[in-house]
Every structure is written in structure tokens, then in C-alpha cells.
2 protein chains.
Amino acid sequence: MLLRKVNVVDGALALLDAEGLDGLTMRKLGAALNVQAGALYRHFPSKEALLDAMAEKLVEGIAEPMPEGSWDQQLTVLADRFRTALLAHRDGARLFAGTFVPEPNTNAAGAAAVAVLCAAGMPVDRAGWITYAAMYYVLGHTIEEQAQLRLHEQGDDWQTRQANAPHDDPLFAQALGSVITADPAERFAYGLALIIDGVREQLRRGGTARGA
Amino acid sequence: MLLRKVNVVDGALALLDAEGLDGLTMRKLGAALNVQAGALYRHFPSKEALLDAMAEKLVEGIAEPMPEGSWDQQLTVLADRFRTALLAHRDGARLFAGTFVPEPNTNAAGAAAVAVLCAAGMPVDRAGWITYAAMYYVLGHTIEEQAQLRLHEQGDDWQTRQANAPHDDPLFAQALGSVITADPAERFAYGLALIIDGVREQLRRGGTARGA
DNA sequence: ACCTGAACACCGTTCAAGT
DNA sequence: ACCTGAACACCGTTCAAGT
């Protein structure tokens with residue numbers, strides 16, 4: 001059976017779940033698809049191009065259907081969908097972060113956020129800045145969320161190691177403990193609300209920067 | 001001359017500037033230090049441990065001296081120092097993001113932020129959440145800032161490629177253009193201000209979550 | 001057009017043996 | 001204690017040759 005581009009991407013995503021991003025090699029992928037590693041280069045010019053296609057598939061359909069509600073509700077839904085899409089595959093956030101090249105699906109997600117912000121009264125250029133700022137937050141949070149998931153599955157608990165380490169700063173130890181033990185979804189929502197509250201403040205000021 | 005741990009880390013950071021994170025190999029590092037690659041394992045148990053030590057050195061002294069001023073000014077200075085530290089070496093942000101294991105210097109930076117937020121009246125647990133949210137933002141912004149720096153140095157301009165690509169969404173095209181052409185420092189400050197405004201709003205509400 | 005088989009130029013890591 | 005030399009078990013990528 002002849003291999004298609006889409007089969008390679010699907011197989012790669014399955015292998016990603018099984019082996020993780022570091023264990024995803026062209027040779028293993030070839031074996032999983034009953035093909036030599038070299039044959040994959042008929043479909044993708046490089047491993048990087050394949051990773052791009054995987055990342056693109058990951059965020060497919062994030063902007064559809066366009067969420068209802070006020071701008072802040074819409075933005076929250078878009079961010080939640082982004083996080084959920086990244087969580088759907090092992091190391092999804094790291095995969096996406098390593099390859100954010102502008103491709104249709106990635107653009108569609110960003111375009112949706114920009115549209116929401118502009119409709120709310122934000123100037124286009126600020127809407128772009130805010131969209132990327134929010135994206136950085138979602139990516140960073142989700143990368144660490146998945147990293148902790150991995151540690152949890154292994155015996156090696158970063159959590160207990162950190163908790164048992166001698167802290168000369170008990171305040172920070174407590175803060176860190178709260179970060180580690182919190183429900184990731186709740187902590188995610190809290191940080192996102194900070195940014196959204198900041199945007200609301202900008203709208204109140206008429207979209208100009210602080211102090212301007 | 002016998003090699004010390006500190007010589008290995010310094011050599012590795014110099015090699016990082018010369019070759020980038022992907023070009024940083026144990027073999028090249030050995031050659032740069034006039035030593036076989038295997039000899040490096042007398043000083044670090046693995047490449048990962050070396051990368052951890054490099055990341056740790058990168059953020060050395062971020063919290064000292066403790067910045068003066070109001071809590072928001074202090075937080076801004078800490079974030080600026082963090083960004084500056086990451087920018088000091090090629091791929092510094094990616095290096096740090098790949099290895100954030102709790103080590104003394106990394107903890108000191110986080111502890112400083114938590115202390116500032118607590119002094120401002122924030123509960124400890126929220127201070128932790130906010131500190132990490134801000135860290136995700138700084139990391140994400142700086143990773144992309146350095147990625148764009150690299151593209152700029154090469155001929156391959158993501159910027160022009162993106163600008164020339166046919167956009168079915170002119171609004172997003174304009175927003176993206178503004179993200180790409182903006183002064184990175186200004187865009188960084190803007191996004192950070194969003195988060196800080198969000199924190200101010202939290203303080204006004206008494207530190208409870210939105211809707212609570 | 002798609003794939004095999006085999007190679008090329010690398011990796012990180014280990015380890016007996018030297019000094 | 002630190003380092004060499006050499007190996008082990010891998011990588012991504014290329015390419016003549018097959019079908």
C-alpha cells in the first residue's frame with residue numbers, strides 16, 4: 001500500500017504518543033509504517049518539515065466554530081481550545097513551540113483572536129501584540145504542564161524532590177508548592193484572566209499604552 | 001591543565017554563541033577544550049546536566065540587587081533582567097526553557113518575584129501562580145525574539161516570506177506585520193504591562209479570583 | 001512515483017587502559 | 001583523579017538501484 005503524506009503525519013502523531021518527542025525518529029517512524037527511513041523523504045524534505053506538518057495538524061479547527069459571547073469569553077474559549085489541542089498528544093506543546101512557522105491552521109487561530117480583539121475596539125497592531133503575548137503564555141504553561149505529567153508517570157517526582165529540598169526561602173517554597181499541587185486547568189485560567197484583565201484595562205484607556 | 005566544572009560550563013556557553021544550541025555537541029565542546037568528548041563525563045554525568053548548569057549560570061544574579069520602587073516597578077525590573085539574561089547568549093531562551101529544573105539561581109529569581117508580590121498584598125499561593133505565568137510569558141517572548149534574530153542573520157526572512165504570502169485575512173496580516181516589525185523591547189514591555197495590570201486588578205479585588 | 005539497501009557523516013555515552 | 005582511544009548503539013539524510 002502506497003504511503004500518503006497524511007498517513008505519515010498520522011503515524012508520526014501516533015508514534016509521538018508512544019515514544020515522546022525525543023523518541024520520535026525517522027527510523028522508528030519508518031518501521032511503524034513498514035517502510036525504510038529513507039522512503040519518508042519522498043513525502044517530506046526533512047524531519048523538520050514533518051514536525052511542522054504535525055504541529056499544524058495539532059491546532060486544526062481551533063477557530064471553528066467561532067465562540068459566542070463577549071470578547072473576553074471568546075478569547076478564553078480560544079485559549080482553552082489551544083491548550084486542549086496541545087494536550088491532546090504527548091509533548092504537543094513542545095512540538096508546537098519548536099516549530100511555529102506560519103501555516104494555515106496556525107494562522108487561522110491567530111486570526112480569530114485578532115478579529116475578536118479588533119471587534120472589541122482594540123487597534124489592529126495592539127491586537128497582534130496581545131494575541132502573541134497570550135500565545136506565549138498558553139505555550140509556556142502547557143509545556144510545563146506536560147513536563148509535570150511526564151514526571152508524574154515516572155517515579156522521579158520533581159514535586160517531592162523540590163518539596164524535600166532544603167529551602168532557605170520558606171515563602172518561595174510555599175508558593176512553589178501551590179504551583180505544583182494546583183489543578184492545572186484552574187491555574188491556567190487564573191493566568192489567562194490576568195492577561196484578559198490587562199486587555200480590559202487597555203480598552204478602558206482607549207488602547208494606548210500605560211503612561212501615554 | 002586540568003579541567004574544572006566551571007571551565008566546562010564557560011566553554012559550553014562560548015560554544016553556544018558560536019554554534020547555537022543545535023550545534024552544541026559534546027564532541028565539539030571536547031575539541032574546544034582540547035579534550036576527548038568522553039572526558040567531559042568526569043565533570044557532568046550527562047549532556048543534560050551540563051545544559052542545566054549552563055541555564056543556571058545564565059540567570060545568575062538576576063535578583064541582586066533587589067530593585068527599588070513600587071511592586072509593579074520591581075516586577076518590571078525583574079522581568080527585564082530575566083529577558084536580558086536570556087538574550088545574553090545565543091539561543092539562551094531555548095536553552096533555559098528546555099531545562100527549567102529548580103536550582104539555586106533559578107529559585108532566587110522566582111523567590112524575588114514572589115516576595116515582591118506578597119509584599120504588595122498578594123496571597124502566597126497566588127504570588128506563585130503569577131510568578132510562573134509571568135515567567136512563561138518572558139520565556140515565550142524571548143524564544144521567539146531570538147528565533148527572529150537568527151532568521152534576520154540568515155537570508156531566509158520569515159518576515160518577508162510571511163509578508164509576501166497571500167493572506168485571505170488582511171486584518172491578521174496587518175496584525176502579524178506589526179508584531180514582526182515592532183521594537184522587541186517595546187512589545188515585551190507592552191505584554192508584561194498587561195499581566196501587571198491584571199495583577200493590580202486582583203489586588204483591588206482583594207486577591208480573590210474573578211467572579212469569586 | 002515509490003521504495004530498498006546501503007552508505008555517509010555524524011551523535012551521546014561507556015569503559016578499559018594509560019598517566 | 002583526569003584523560004585517551006576506541007568502541008557501542010544510535011541519529012538524519014542521500015542516492016543508486018530496483019519495481
Side-chain angles (χ1 to χ4, degrees), chain A residues 1-57 90-91 94-99 101 147 150 154 156, chain B residues 1-57 90-91 94-99 101 147 150 154 156:
Chain A
M1 190 201 60
L2 295 185
L3 227 47
R4 304 276 174 184
K5 254 190 158 198
V6 60
N7 303 130
V8 177
V9 174
D10 288 346
L13 285 171
L15 189 60
L16 177 68
D17 285 330
E19 303 276 356
L21 189 56
D22 297 330
L24 175 64
T25 71
M26 297 304 265
R27 290 173 135 91
K28 285 187 198 163
L29 179 56
L33 297 170
N34 292 113
V35 122
Q36 293 294 114
L40 298 171
Y41 289 82
R42 293 282 137 192
H43 304 280
F44 290 95
S46 65
K47 184 182 182 181
E48 206 188 308
L50 171 60
L51 293 174
D52 285 350
M54 292 168 67
E56 174 72 354
K57 176 139 201 178
R90 164 137 66 135
D91 291 334
R94 253 174 75 209
L95 166 66
F96 189 88
T99 69
V101 178
R150 282 284 117 204
Q154 297 169 8
D156 171 60
Chain B
M1 188 201 60
L2 294 186
L3 227 46
R4 306 275 174 186
K5 253 188 159 199
V6 61
N7 304 128
V8 177
V9 174
D10 288 346
L13 284 171
L15 189 60
L16 177 68
D17 285 331
E19 302 276 356
L21 189 56
D22 297 330
L24 176 64
T25 71
M26 298 302 265
R27 290 172 137 92
K28 284 187 198 164
L29 180 56
L33 297 171
N34 292 112
V35 123
Q36 293 295 114
L40 298 171
Y41 290 81
R42 293 282 135 195
H43 305 280
F44 290 95
S46 65
K47 185 182 181 181
E48 207 188 306
L50 171 60
L51 293 175
D52 286 351
M54 291 168 68
E56 174 72 354
K57 176 137 202 182
R90 161 131 77 130
D91 291 333
R94 254 175 75 208
L95 166 67
F96 189 88
T99 69
V101 177
R150 282 284 118 205
Q154 296 170 8
D156 172 60

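Side chains included, hydrogens not; waters and symmetry mates left out as well; all remaining heavy atoms used. Throughout, a chain's letter reflects where its sequence line sits, starting with A, and its residues are numbered from 1.
Salt bridge annotation for B/Asp91-B/Arg150: absent, with no cationic side-chain nitrogen under 4.0 angstrom from a carboxylate oxygen.
Side-chain contact between A/Leu24 and A/Glu19 is absent, with no heavy atoms from C-beta onward closer than 4.5 Å. Side-chain contact between A/Arg94 and A/Asp22 is present, with heavy atoms from C-beta onward closer than 4.5 Å. Looking at heavy atoms from C-beta onward, A/Val9 lies in side-chain contact with A/Phe44 at the 4.5 angstrom threshold. B/Leu40 has its side chain out of reach of B/Leu50: every pair of non-hydrogen atoms, C-beta onward, lies at least 4.5 Å apart.
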### Working for side chain to side chain contact (heavy atoms under 4.5 Å, CB included), residues B/Asp10 and B/Lys57
CA-CA 9 Å; B/Asp10 288 346; B/Lys57 176 137 202 182; 2.9 Å; yes
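Side-chain nitrogen and oxygen atoms of B/His43 include none within less than 4.0 Å of the OP1 or OP2 phosphate oxygen of D/dA1.
The line from NZ of B/Lys47 to CE of B/Met54 is 9.0 Å long, rounded to the nearest 0.5 Å.
Stem regions for DNA chain D, each three or more consecutive Watson-Crick or G-U pairs with both distances under 3.5 Å and listed by first number, read C:4-8 with D:12-16, C:12-16 with D:4-8.
The distance between atom CZ of A/Phe44 and atom P of C/dC2, rounded to the nearest whole Å, is 13 Å. Rounded to whole angstrom, the span from the CZ atom of A/Arg42 across to the P atom of C/dT4 amounts to 12 Å. Atom CG in A/Leu33 sits about 11 Å away from atom P in C/dT4, given to the nearest Å.
The two residues A/Ala55 and A/Thr99 have their closest heavy-atom pair at CB-OG1, 3.2 Å.
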For nucleotides 10-13 of chain C, print each protein N/O atom paired with a nucleotide N/O atom at under 3.5 Å, atom names and distance only.
| from | atom 1 | to | atom 2 | distance (Å) |
| --- | --- | --- | --- | --- |
| C/dC11 | N4 | B/Arg27 | NH2 | 3.4 |
| C/dG12 | OP1 | B/Met26 | N | 3.4 |
| C/dG12 | OP1 | B/Lys47 | NZ | 2.9 |
| C/dG12 | OP2 | B/Met26 | N | 3.0 |
| C/dG12 | N7 | B/Arg27 | NH1 | 2.4 |
| C/dG12 | O6 | B/Arg27 | NH1 | 3.3 |
| C/dG12 | O6 | B/Arg27 | NH2 | 3.3 |
| C/dT13 | OP2 | B/Tyr41 | OH | 2.4 |
| C/dT13 | OP2 | B/Lys47 | N | 2.8 |
| C/dT13 | O5' | B/Tyr41 | OH | 3.2 |

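Candidate nucleotides D/dG5, C/dT4, C/dC2 were compared by shortest atom distance to the side chain of A/Gln36, and C/dT4 ranks first.
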